[in-house]
2 protein chains.
Amino acid sequence: MTVTLADVAARAQVSPATVSRVLNGNYPVASSTRERVLRAVDELDYVLNGPASSLAAATSDLVGILVNDIADPFFGIMAAAIQSEIGGPGGRAGGERLGVVCNTGGSPERELTYLTLLQRQRAAAVVLTGGAIEDTAHAGAVAAKLRKLHEAGTRVVLCGRPPAPEAPEAIALTFDNRGGGRQLTEHLIGLGHRRLGYIAGPEERTTTRHRLEGHRAALDAHGIEDDPRRTVHGRYDRRSGYEATLELLRRDPSLTAVVAANDTVALGACAALRDSGLRIPGDVSVAGFDDLPFSIDVVPALTTVRLPLTEAGARAGRIAMGREEPPPGGIATVRGELMVRGSTGVPRT
Amino acid sequence: MTVTLADVAARAQVSPATVSRVLNGNYPVASSTRERVLRAVDELDYVLNGPASSLAAATSDLVGILVNDIADPFFGIMAAAIQSEIGGPGGRAGGERLGVVCNTGGSPERELTYLTLLQRQRAAAVVLTGGAIEDTAHAGAVAAKLRKLHEAGTRVVLCGRPPAPEAPEAIALTFDNRGGGRQLTEHLIGLGHRRLGYIAGPEERTTTRHRLEGHRAALDAHGIEDDPRRTVHGRYDRRSGYEATLELLRRDPSLTAVVAANDTVALGACAALRDSGLRIPGDVSVAGFDDLPFSIDVVPALTTVRLPLTEAGARAGRIAMGREEPPPGGIATVRGELMVRGSTGVPRT
DNA sequence: TCTTGCATAGAAAGCGCTTGCTGTCACGTT
DNA sequence: AACGTGACAGCAAGCGCTTTCTATGCAAGA
């Protein structure tokens with residue numbers, strides 16, 4: 001059988017209550033007693049029963065981190081930052097929480113199921129990362145869940161995700177995707193580009209929509225007509241960028257620039273351009289978004305919008321742990337920074 | 001207050017026992033009763049109390065996935081694959097498990113603490129990914145924990161990690177890092193290279209050691225002296241690859257090839273070479289390891305050893321869930337495949 | 001008609017911990 | 001000398017579920 005609190009108590013010649021208090025350190029215990037208890041814990045190699053503890057205390061040390069795609073560094077980096085602040089092992093004393101990363105794969109159902117699972121576990125906090133899905137029914141369902149979680153005492157934080165009007169309790173750290181998208185396109189327009197292709201992410205995603213809106217706002221501000229044929233939607237992966245670029249090129253071979261939904265997509269775009277015999281940026285400029293670590297290393301280095309993923313994640317983690325004040329109004333906008341590098345240049349003449 | 005089983009029972013006019021049985025579906029319940037119960041569950045918006053359930057049933061639906069660095073796609077890809085098989089939401093019926101990814105950051109203490117945390121939660125299974133740390137004391141401590149976990153009924157699987165002799169219960173899916181490393185270096189030797197630099201990962205890591213051993217075996221097999229000055233150790237990141245390459249170049253400017261510990265490091269190596277005015281592969285060939293998604297997109301595309309991360313992860317996940325037979329002897333070796341691409345060529349004359 | 005047996009439902013005993021409340025003892029106060 | 005007053009420690013009542021064991025009802029077999 002496994003060792004229980006009672007066993008430790010017996011060995012240390014104290015009551016179970018005292019052992020519990022030593023372990024939780026939330027009640028005065030004479031140091032001699034404490035020592036005796038700790039020795040017994042050690043000798044018996046006792047490990048607290050988490051479920052029992054959670055049940056009795058009506059709290060748990062689980063913190064859920066929902067990501068759309070754990071294999072994507074965009075989420076990996078944020079998750080790492082969040083987890084580092086969750087404390088978990090190595091964190092500051094006491095708050096030993098288990099930061100658990102849940103991979104929704106971008107599926108609404110999985111997102112909901114994970115939320116239920118976390119609710120079931122009475123999670124201490126939940127952090128949702130990345131763009132939300134723009135489906136009224138689903139958004140409503142998620143908002144309802146978030147509200148329930150909040151009511152049950154779970155702290156809810158959105159990181160890199162727009163605020164949910166129906167769940168105002170959720171603290172939101174939102175990326176300024178619109179502003180970033182606009183900056184990027186204005187940079188290209190400033191270089192002289194007039195025929196820009198845009199590879200958008202999956203439809204029905206807030207991130208996709210906002211970045212695209214920024215792009216269009218820039219075009220509009222400069223009196224450039226937004227030909228819908230110059231926009232293609234796809235997934236947030238390299239393959240999709242490759243195919244979308246070929247498609248854009250087919251539709252309009254005179255393009256001088258391609259703006260991608262993110263860096264990974266931009267990578268695919270670069271590959272497609274090269275395979276089509278076009279030089280970057282000599283023939284076509286390429287821009288990405290996010291500034292993932294590899295973006296500076298590709299050749300030519302990618303012009304992109306740097307999002308402070310680590311900083312935002314860390315902040316979200318701290319807020320989730322109640323170690324930092326939420327922003328006023330529960331909403332903060334995190335801006336990106338335009339990184340001009342080698343993949344963009346003046347258009348060919 | 002939150003809704004409890006008893007509330008549902010009252011509403012459905014049955015006993016709590018019956019509700020529990022309906023929910024778990026492990027006992028015959030008349031279909032009319034079942035329906036009544038399910039309706040009540042729905043109407044009350046009841047969510048099972050996980051801790052209570054785990055306590056009573058002495059089992060939990062948590063599955064731990066330990067990774068060294070969640071921000072590194074190497075681990076992200078494996079974690080995604082494992083989680084997809086854990087079932088979690090979207091998985092096959094019934095087994096709704098919570099696959100939790102724990103980021104150790106490569107720290108031995110955190111690894112141990114996470115294992116304790118998972119033990120505390122009475123995890124259903126634990127999957128450890130990536131290379132182990134070669135410290136006798138730590139390895140022993142981990143092995144002891146794994147044995148304890150196993151005794152407590154937790155399934156233990158190692159994925160991309162060498163078997164632990166002290167914890168033979170743990171199923172191991174090991175990458176053939178040695179063989180891959182050897183293949184890679186033999187490829188370069190075959191091209192005519194004789195002065196190869198090697199950027200190894202952190203010391204005291206099995207992955208590092210095995211890849212390096214493969215490299216040396218290849219050198220040895222071809223009668224090439226292994227000058228220790230041609231090997232530099234560093235972290236598994238781009239920066240480290242950049243610096244190590246400059247160091248290698250300083251030590252021996254006549255190098256014609258650089259073999260990196262992994263693709264990310266290789267990326268940094270490429271950058272350093274370019275910044276030093278050297279062409280790839282014209283002046284210096286570069287090879288990586290892992291074949292991460294971006295490796296085919298960098299210019300020139302990286303010669304590397306492809307590791308079937310997704311397949312291995314999926315298999316580990318299935319084994320952890322008891323849905324696939326463990327390999328005979330509890331150990332399986334997963335081979336890599338040499339991918340020859342543009343970053344390697346004949347040495348300059 | 002009286003068992004037997006099966007299918008189903010309920011009663012109740014925990015699972016291992018936390019915590020409010022109740023002592024107990026040793027001091028410092030009046 | 002009687003009496004607060006802290007500082008500790010223990011009792012015992014749950015926390016919300018699972019599961020064993022025990023009814024109960026009813027159809028079928030003897």
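These values consider heavy atoms only, across backbone and side chains, with no hydrogens, waters or symmetry-generated copies. Labels below follow one simple rule: chain letters A, B, ... track the order of the sequence lines, proteins then strands, and each chain is numbered from 1.
- Between A:Asn49 atom CG and D:dC17 atom P there is a gap of 17 Å when expressed in whole angstrom units.
- Listed candidates were C:dG10, D:dC17, C:dT19. Nearest to the side chain of B:Ser15 is C:dG10.
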Give each protein N/O atom lying under 3.5 Å from an N/O atom of nucleotides 25-28 of chain D, with the pair distance.
none

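- For B:Ser20, no side-chain nitrogen or oxygen approaches OP1 or OP2 of D:dC17 to under 4.0 Å.
- Remark: P of C:dC15 and CG of A:Leu48 are 16 Å apart, rounded to the nearest angstrom.
- Residue B:Leu5 contributes atom CG, which lies 17 Å from atom P of C:dA12 at whole-angstrom precision.
- When rounded to the nearest whole Å, the span between CG of A:Leu55 and C1' of D:dC15 equals 4 Å.
- Checking A:Leu5, A:Thr4, A:Asp7 one by one against A:Val19, the side-chain contact (heavy atoms from CB on, under 4.5 Å) holds for a single residue, A:Leu5.
- Residue B:Pro16 is the one, among B:Pro16 and B:Ala57, whose nearest nucleotide of DNA chain C lies closer to the 5' end (criterion: closest heavy atom).
- Neither OP1 nor OP2 of C:dG16 sits under 4.0 Å from any side-chain N or O of A:Thr4.
- The number of heavy-atom neighbours closer than 6.0 Å to CD of B:Glu166, taken from other residues, nucleotides and ligands shown, is above 12.
- At whole-Å resolution of the value, CG in A:Asp7 and C1' in C:dC15 are 14 Å apart.
- The shortest heavy-atom contact between A:Val157 and A:Ala316 is CG1-CB, 3.9 Å.
- In the interface, the side chain of B:Arg21 is paired with the base of C:dG10 through a donor and an acceptor atom under 3.5 Å apart.
- With hydrogens and angles disregarded, no donor-acceptor distance shorter than 3.5 Å links the side chain of B:Thr174 to the backbone of B:Gly160.
- Only one option out of B:Lys148, B:Arg147, B:Lys145 pairs with A:Asp45 in a salt bridge (Lys or Arg N to Asp or Glu O under 4.0 Å); it is B:Lys148.
- In this structure, A:Arg34 contributes its side chain and A:Val29 its backbone to a donor-acceptor pair below 3.5 Å.
- Residue B:Ser53 places at least one side-chain N or O closer than 4.0 Å to OP1 or OP2 of D:dT18.
- Although no hydrogens or angles enter the test, the distance criterion places a donor-acceptor pair under 3.5 Å between the side chain of A:Thr206 and the main chain of A:Ala132.
- Using a 3.5 Å distance cut-off with no hydrogens or angles, the side chains of A:Thr18 and A:Ser15 do pair a donor with an acceptor.
- Applying a 4.0 Å cut-off to non-hydrogen atoms, the residues of residues 22-37 of chain A that approach DNA chain C are A:Asn24, A:Asn26, A:Tyr27, listed by residue number.
- Each of A:Ile70, A:Val63, A:Leu66 was evaluated against A:Val101; a single residue qualifies, A:Ile70, per the side-chain contact (heavy atoms from CB on, under 4.5 Å) test.
- Nearer the 5' end of DNA chain D, as judged by each residue's closest nucleotide, is the contact made by B:Ala52, out of B:Ala52 and B:Thr18.
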